Each structure stands twice: as structure tokens, then as C-alpha cells.
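Below is one structure; the comments refer to it alone.
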Amino acid sequence: AQSVTQLGSHVSVSEGALVLLRCNYSSSVPPYLFWYVQYPNQGLQLLLKYTSAATLVKGINGFEAEFKKSETSFHLTKPSAHMSDAAEYFCAVSDLGQNFVFGPGTRLSVLP
Amino acid sequence: NAGVTQTPKFRILKIGQSMTLQCAQDMNHNYMYWYRQDPGMGLKLIYYSVGAGITDKGEVPNGYNVSRSTTEDFPLRLELAAPSQTSVYFCASSYDRVGSYTFGSGTRLTVV
């Protein structure tokens with residue numbers, strides 16, 4: 001069975017600082033990996049996805065994530081946080097079959 | 001705008017009442033899903049459908065039913081509402097099973 005762990009249910013950064021949201025996964029087969037963002041009172045939106053091509057994936061709004069097989073990780077980063085980045089972020093893994101699993105989410109706060 | 005439309009946005013039910021959450025998509029996606037989101041728990045899959053006339057249980061199907069008579073619509077039925085069903089419900093659709101889901105804006109349901 002697949003699973004996703006997101007370290008830190010709440011992360012706070014200052015505006016302009018580096019954003020690092022951690023995601024580790026377990027999967028018995030090569031996974032597809034995703035990051036979704038949820039703004040208050042909205043549904044989830046796809047930020048980026050890894051589908052076995054380049055290990056460094058660039059997404060919308062300046063976010064990127066790197067797939068590291070040896071560490072079973074897919075951490076999300078952004079060089080400089082903006083106030084508008086405050087939201088909840090979900091990592092998800094798919095094994096290309098019937099299983100698509102979301103992590104518990106990390107709430108990002110951006111301090112002025 | 002193309003996307004996934006959920007109605008209603010908010011609803012308060014009394015214990016034992018029934019209701020149907022509506023979901024419609026206009027992207028001609030074969031795959032549709034119902035998730036519930038509870039604080040700190042991420043998203044849990046209730047039911048999913050791989051095409052009209054085909055549905056299957058997800059991780060937490062008890063207390064819910066679905067139908068898929070058309071490609072566009074995927075209603076979720078709650079019979080005999082219980083306080084444990086207080087949650088935010090999201091409908092999503094995708095072109096294939098491996099991701100890039102499009103989410104609706106959610107239905108916030110409270111059972112009292």
C-alpha cells in the first residue's frame with residue numbers, strides 16, 4: 001500500500017524567505033508524484049507533477065520539486081515566499097493503478 | 001468556464017436526514033471522484049467512477065452511495081446523516097487515473 005508523509009502540519013516563513021515543504025512517500029512501484037495547493041474555501045489546484053521524466057519539476061507560481069528516489073522524497077521549494085503563497089499544500093502519490101493517496105497537508109503561513 | 005461544479009456550497013442537516021451532493025463536469029472526463037476532507041487528515045476517497053455506469057468504493061464508503069448515469073454527473077447520496085459525516089466534500093475529475101485532477105470548490109456539510 002502506498003502512503004505519503006508530510007513533515008510539519010504548519011510551516012511559517014517570512015516574506016522573501018525560502019519555502020521548503022517536505023514530502024516522503026512509500027510505493028512498491030515507480031510512482032507519479034504531485035503537489036496540490038488549496039487556498040481558503042477553495043478546492044485543490046495542481047501545482048506540479050512528476051511522471052518519470054526530469055527529476056526536477058517546475059510548477060506554477062515559482063514552485064518546484066525534486067524527485068529523489070534514494071530518499072523517497074519529493075520536497076516542494078520556492079526561493080522567495082510571497083504573501084499570496086499562504087495556503088495548504090498537499091503531496092500525493094499514484095501508483096498508476098487504482099491508488100491515489102494524499103498526504104495530510106502542510107499549512108504555510110507567510111509573515112510580513 | 002470549464003471545470004467541476006458542486007452544489008450546494010453549504011448545508012446543515014439534522015441527524016437522520018438525507019441529501020444529495022451534486023457534482024457536474026464539462027471536460028468529458030471519464031474518471032470522477034468524491035473525497036471528504038477533515039482537519040489534519042488530508043483527503044479520503046469515498047467513491048470513484050471510471051465511466052458512466054461504473055462506480056466503486058474508496059477508502060471510506062460507509063454511509064454514502066453514488067451513481068453515474070452520465071459522463072457529466074456524479075452525485076453523492078447521504079442516507080441517514082450522522083455527526084461523523086460533518087466534513088467538507090470535494091468532487092474531482094480527471095482524464096485518466098494517474099492524476100492531474102480538477103477539483104470542485106467543495107460542499108461544507110454540518111450534521112447536527
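Below, chain A is the first sequence line, B the second, and so on; all start at residue 1. Only a predicted model underlies this, so the values are computations on that prediction, with no experimental measurement involved.
The aromatic rings of Phe102(A) and Tyr101(B) sit perpendicular to each other, their planes meeting at more than 60°, with 30° as the lower class boundary. A tilted orientation is assigned to the rings of Phe34(A) and Phe100(A), their planes being inclined by 30° to 60°.
For chain B, no part of Gln45(A) is nearby; none of its heavy atoms comes within less than 4.5 Å. Contacts between Glu59(B) and chain A at a heavy-atom distance below 4.5 Å are absent for every atom of the residue.
For the pair Lys78(A) and Asp85(A), the salt-bridge criterion is met [side-chain N within less than 4.0 Å of a carboxylate O].
Options Gln37(B), Gln6(B), Lys9(B) differ in how many heavy-atom pairs under 4.5 Å they form with chain A, and the most are formed by Gln37(B).
Linking ILVMFWY side-chain heavy atoms closer than 4.5 Å, directly or via other members, places Val66(B) and Leu45(B) in two distinct hydrophobic clusters.
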